[in-house]
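Just below is one structure, and these are the notes that go with it.
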Amino acid sequence: MNWTQLISNKRLGLEKYHQIRKDDRTEFQRDYDRLIFSAPFRRLQNKTQVFPLPGSVFVHNRLTHSLEVSSVGRSLGNDVSRELIKKHPSLNNTHLTEAGAIVSAACLAHDLGNPPFGHSGERAIGTFFSEGKGRWLKDYRDPVKGDGLTESEWNDLIHFEGNANAFRLLTHHFKGRREGGFVMTYTTLASIVKYPFSSNLAGNHAKFGFFQSEIPVYRLIAEELGIQQINSEKSGLRYARHPFVYLVEAADDICYEIMDIEDAHKLKIINTEETQTLLLNFFDEERQQTIRKNLCLVNDINEQIVYLRSCVIGCLESECVKVFLEHEEEILNGTFKGCLIDHISDIPHKAYKACEKMAFDKIYRSKDVVDIELAGFQVITTLLELMTEAVCHPEKAYSQLLINRVSQQYDIGAECLYDRIMAVLDYISGMTDVYALDLYRKINGMSLPFV
């Protein structure tokens, strides 16, 4: 792969009308602005990140997380592009100079496809089909049309993935929307596909980058950008990652791990001493001494943690830039293994792993987090059960009531069974936590519009 071809400002759906605009904003800055002002991005403010949505203590939701990831992503993109241009001066007049804007926009979009109730929402959808009440759909055949789900389509459902759903949201032609979805640039779209292969290759980790319905779109993007296709022994489509995916992933890894520690401290899940130790361990003794002196200048405990957190993010950002530059050739050849964090220096790497262990042991198993997961499973499973039944049997009176509840942008009445079920997933995954809970209560007769 080569940098000149990998970065294109052509827009999906507007290829015939591609033109160079002469104003203050680049096409990649337009991507960022489109996302910021979009309804799906705005809804992230009411989607759980890890902890339940705030009471008296404000912690991260999907919106604040995405904004922070975007900020770190911009720094990663700017630093990498600056160093690459020093290394390859011929790239100075290419779109590589806009890497910061591209990665920043892709970071904004990386969580758009996540359903309500955090990561438990993804699991609830996948397990509904793989081991729950949706298993009947695997062998179901429409009595009128005679169609059912192919093995590949079934894999899309049982491995439902927020990353693939984000790509669908940005590129799918929903009713009332222009061809090409958000009409984003090719490079921004390629930069969010963390797992560039189809669900047939998802395996036990249940990760993949595009549904069957979006394979033609990703293939078009890959051909335009020269993204390398990788042959696989199994049936399925696999590509190398676009290089900027590593930067988007690094920004996400840095933010969720470190910010979860800060949120856990605010909620008193981990104490101040534990938090300070976790964050100081990212540095050698000399740097720790300097940081400790600066901490003495801050009286407020929470502000001390904020200062430590900023130091850690700066450390991890520079480490990831270094790894990217050292492994540029492997990244362009599609042979680089793992993520950038896996290859950083020993001291910050050990500290990062310690934060991961603390998060798993104390944060993700905490009562409040588990409670929101339990509630999310119940809400999403119930909505899925009712809506899939409705689209398979639309002739029933109750089915019509449910179908009439769905916005017209979702093609609930599509000819193909797969398309109807995907429309249900579009509808449910686009809900906020509050909307999903409110609909669940109304459907179950626990809430009425006039009460």
Side-chain angles (χ1 to χ4, degrees), residues 11-13 15 40 109-115 121-122 125-126 128-130 134 137-138 140-142 145-184 186 188-190 192-202 206-224 227 229 232 234-239 384 387-388 390-392 406-431:
R11 294 193 173 278
L12 181 69
E15 293 86 353
H110 84 284
D111 268 353
L112 279 187
N114 284 72
E122 284 179 283
I125 293 174
F128 171 78
F129 295 105
S130 64
L137 285 161
K138 182 178 182 180
Y140 175 74
R141 292 292 179 271
D142 188 292
K145 298 167 186 163
D147 71 326
L149 298 170
T150 67
E151 182 180 354
S152 296
E153 291 168 346
W154 180 248
N155 280 327
D156 281 358
L157 304 182
I158 63 175
H159 297 305
F160 179 86
E161 221 287 324
N163 188 246
N165 202 43
F167 185 71
R168 175 178 170 85
L169 178 64
L170 292 171
T171 61
H172 187 67
H173 186 199
F174 293 96
K175 287 183 177 180
R177 192 194 287 179
R178 289 175 292 180
E179 187 69 44
F182 274 49
V183 198
M184 306 288 283
Y186 279 40
T188 298
L189 289 170
I192 73 162
V193 183
K194 191 174 178 181
Y195 314 102
F197 47 85
S198 58
S199 60
N200 301 51
L201 304 175
K207 299 293 185 183
F208 65 101
F210 35 80
F211 297 114
Q212 296 299 308
S213 49
E214 278 66 60
I215 284 179
V217 177
Y218 190 82
R219 185 179 278 122
L220 173 67
I221 292 170
E223 289 173 357
E224 172 71 23
I227 298 174
Q229 184 171 343
S232 174
K234 300 178 182 179
S235 60
L237 189 67
R238 181 187 293 272
Y239 286 89
L384 279 171
M387 290 306 306
T388 52
V391 298
C392 289
V406 180
S407 170
Q408 292 185 356
Q409 68 175 299
Y410 303 112
D411 196 8
I412 294 292
E415 287 292 316
C416 172
L417 174 64
Y418 172 74
D419 289 341
R420 295 200 298 277
I421 294 175
M422 290 303 296
V424 169
L425 298 186
D426 292 333
Y427 175 53
I428 293 176
S429 64
M431 295 177 181

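By convention here, the first residue in the shown sequence is residue 1.
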Closest heavy-atom pair and its distance - T171, L12: CG2-CD2, 3.6 Å

Straight-line distance of T188 OG1 to R11 CZ, nearest 0.5 Å: 7.5 Å

By side chain to side chain donor-acceptor pair (under 3.5 Å) - contacts of D426 (at least two apart): R168

For the student: nearest non-hydrogen atoms of P115 and G121, plus distance: CG-C, 3.5 Å

Min side-chain heavy-atom separation L137-W154 under 4.5 Å: yes

Which residues share a ring pair (Phe, Tyr, Trp, His ring centres under 6.0 Å) with Y239, sequence neighbours left out: Y218

Set of residues satisfying side-chain contact (heavy atoms from CB on, under 4.5 Å) with respect to V391, sequence neighbours excluded: I412, R420, V424

Closest non-hydrogen atom pair between L149 and L417, with its separation: CG-CD2, 4.0 Å

Pairwise side-chain contact, P196 with I227, heavy-atom cut-off 4.5 Å (strictly under): no

Pairs touching residues 152-163 that satisfy salt bridge (Lys or Arg N to Asp or Glu O under 4.0 Å), sequence neighbours left out: E161-K207

Donor-acceptor contact present, side-chain D147 to main-chain C416, <3.5 Å: no

F129: partners by ring pair (Phe, Tyr, Trp, His ring centres under 6.0 Å), with sequence neighbours left out: none

side-chain contact (heavy atoms from CB on, under 4.5 Å) against A109, all qualifying residues, sequence neighbours excluded: L35, L112, L170, I192

Side chain to side chain, M422 and D411, heavy atoms closer than 4.5 Å: no

Any residue meeting salt bridge (charged side-chain N to carboxylate O under 4.0 Å, His left out) with D419, in chain and number order, not counting sequence neighbours: none

Heavy-atom check, side chain of N200 versus side chain of R238, under 4.5 Å: no

Considering all heavy atoms, the nearest L189-V193 contact: O-CG2, 3.6 Å

With sequence neighbours excluded, residues passing ring pair (Phe, Tyr, Trp, His ring centres under 6.0 Å) with F197: none

Set of ring pair (Phe, Tyr, Trp, His ring centres under 6.0 Å) partners for F128, sequence neighbours left out: none

Under 3.5 Å: donor-acceptor pair, side chain of S429, backbone of G113: no

Considering all heavy atoms, the nearest P40-L169 contact: CB-CD2, 3.9 Å

Partners passing salt bridge (charged side-chain N to carboxylate O under 4.0 Å, His left out) against E122 (at least two apart in sequence or in another chain): none

Distance-minimising heavy-atom pair for F208 and A164: CE1-CB, 3.7 Å

Option passing side-chain contact (heavy atoms from CB on, under 4.5 Å) with F210 (candidates N163, I221, I215, V217): I215

With sequence neighbours excluded, residues passing side-chain contact (heavy atoms from CB on, under 4.5 Å) with E223: R219

For E224, salt bridge (charged side-chain N to carboxylate O under 4.0 Å, His left out) partners two or more places apart: K10

